[in-house]
Protein chains: 2
Amino acid sequence: MARPRKEQELDIPRRAVEETIRLLAQQGDFGVPLTAVAQAVGCTAPALYGHFRNKNALLRAARDEGFGRLYNEKFAVFEQMRGDPFGYLRDGGYAYARFALENPTLYRLMFSPPPKLGVSDDPWSSEAGRQVLSLLLTGLRSSQEHGYLPGADLQRYGFMFWSTIHGAVSLNIQNRLLDHAAKWDSTQSVIDALMEMIAATGPAKHPITS
Amino acid sequence: MARPRKEQELDIPRRAVEETIRLLAQQGDFGVPLTAVAQAVGCTAPALYGHFRNKNALLRAARDEGFGRLYNEKFAVFEQMRGDPFGYLRDGGYAYARFALENPTLYRLMFSPPPKLGVSDDPWSSEAGRQVLSLLLTGLRSSQEHGYLPGADLQRYGFMFWSTIHGAVSLNIQNRLLDHAAKWDSTQSVIDALMEMIAATGPAKHPITS
DNA sequence: CCTCAAACTTAATATCATTCAGTTCTTGGG
DNA sequence: CCCAAGAACTGAATGATATTAAGTTTGAGG
């Protein structure tokens, strides 16, 4: 048995990415053996080389898929929050955090990939990544039009906003002492503190003191 | 030639950690072969097993050493800034960021270790780690006594403060498009933005608008 | 001196990633 | 319908590493 028959053909590229993400989550580590992926897909390890140059390429594909999924979640919130930029900023932050806490290993692959992966540059280099960032900037711009962050450099505050949330989820993902609920509470508290600070710059409401 | 003579004895535990950190920086990746460490130390790979249970234990030791070094840098700033808590917060943040950007792979080992390492819990579980955190909280408490962050929950704001800086350095470390200077500027900008926000809560000075 | 434990070294094993050399379908021309 | 060429795999071979086993030399205590 060498080449499979038409009936039993399986979409290896798609399934491989899918199973890789599943195994990543299951093992909680990037060190998923190719053999395991192949077995989950239903083929042998060398077969994967017909679709991906090597293991790193497969992990890169999984990473791209991760950005796609994150974008979808953020975009859903965006559509739901039209007309409420401040609310979008908050709920968009929640959605981002929820994605990270629910897919910790995938999130780490996206934002702290081993240099070996050969990810050429920054997280936003991929198309989906760029789109996620643009959603954030759109939210900030709208918020500014509604009176928040007056005169602030959006690029600068955007990066700070993102840094804070990324930092919070990274630290919470890494903390094995906390259970899922505690990680979420801790992350949400950071997002809320951040939103309070932004709110304090806006149309005179919301005191900063927690 | 089996057991070395007294004269040529070498302090393997210390040297191994030292060389591991050097190779980590050189290769920019956790995947440093034990053989390479052994060669740098001047022994063979199995010899390391007499001092570390396995490779993970060696990496954990390197990680602990990293926390020790970070603490030393933060503590130096702390001593230098006695009496100026706001200044300590700022310069302590700079020192933290400088350490991270100058030792990117070690920093990643400290704060985004592969779960395989068996780091039992959170970054502050090690003694040195806990001490670093306590320096931050001390700085925040003093700042509050000087009128900043009135009524704020320090634990909460401390975590946010740390999240922001950790997030900024993590994202900048990861962005291969930026050179060292650009990473530093970007990180410093985030710290400054954060300090402006804290300053805005203090004794009526420093407007938040950049 | 002699014995034993300590501290290494060289082989041996196991796990993967990756490459090689077939083997079996499918397909496009005749 | 038949055949050649190539596509899509498979199983075996290679090579890099971590880890373990077995063997050797040195230092220390009696």
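All values below were derived from every heavy atom in this structure, side-chain atoms included, with hydrogens, water molecules and symmetry-related copies excluded. In what follows, chains are A, B, ... by sequence order, proteins preceding strands, each numbered from 1.
Between Lys116(A) atom NZ and dT18(C) atom P there is a gap of 10 Å when expressed in whole angstrom units. Taking atom CZ of Phe52(B) as the reference point, atom C1' of dT20(D) lies 18 Å away to the nearest angstrom. Whole-Å rounding puts the Asn54(B) CG to dT17(D) P distance at 18 Å. Protein atom CD1 of Ile12(A) is 16 Å distant from nucleotide atom P of dA7(D), rounded to whole Å. Rounded to a whole Å, the CG atom of Asn56(B) is 10 Å from the P atom of dA18(D). Atom pair Leu59(B):CG and dT17(D):P shows a separation of 15 Å (rounding to whole Å applied).
Residues passing the side-chain contact (heavy atoms from CB on, under 4.5 Å) test with Thr105(A) are Leu24(A), Phe30(A), sequence neighbours excluded. Applying the ring pair (Phe, Tyr, Trp, His ring centres under 6.0 Å) test to Phe75(A) and every residue at least two apart in sequence or in another chain returns Tyr71(A). Evaluation of the side-chain hydrogen bond (donor to acceptor under 3.5 Å, both in side chains) rule for Tyr107(A) yields Tyr96(A), His166(A) as partners, not counting sequence neighbours. In this view, Glu65(A) and Arg69(A) satisfy the salt bridge (charged side-chain N to carboxylate O under 4.0 Å, His left out) rule, not counting sequence neighbours. With sequence neighbours excluded, no residue forms a side-chain hydrogen bond (donor to acceptor under 3.5 Å, both in side chains) with Glu102(A). The side-chain hydrogen bond (donor to acceptor under 3.5 Å, both in side chains) check on Ser112(A) picks up nothing, with sequence neighbours excluded. Residues that satisfy the side-chain hydrogen bond (donor to acceptor under 3.5 Å, both in side chains) test with Arg141(A), not counting sequence neighbours, are absent from this structure.
Picking from dT17(D), dA17(C), dT19(D) the nucleotide with the shortest atom distance to the side chain of Lys55(B) gives dT19(D).
Over its length, the helix from dC1(C)-dG30(D) to dG30(C)-dC1(D) turns its helix axis by 10°, as judged from the five terminal pairs at each end, rounded to 10°.
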Mind listing the side-chain donor-acceptor pairs of residues 82-90 of chain A below 3.5 Å, one per line with the distance, residues two or more places apart or on another chain?
from, atom 1, to, atom 2, distance (Å)
Asp84(A), OD1, Gly87(A), N, 2.9

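With respect to the salt-bridge test (charged N to carboxylate O, under 4.0 angstrom), the residues Arg156(A) and Asp153(A) do not qualify.
Non-hydrogen atoms lying under 4.0 Å from DNA chain D are contributed by nothing in residues 16-31 of chain B. The stretch residues 36-49 of chain B comes close to DNA chain D through Pro46(B), Tyr49(B), each having a heavy atom under 4.0 Å from the strand.
OP1 or OP2 of dA7(C) has not a single side-chain nitrogen or oxygen of His51(B) nearer than 4.0 Å.
Between Trp162(B) and Val132(B) there is no side-chain heavy-atom pair separated by less than 4.5 Å.
A salt bridge (Lys or Arg N to Asp or Glu O under 4.0 Å) check over residues 22-34 of chain B, counting only residues at least two apart or in different chains, returns the pairs Glu19(B)-Arg22(B).
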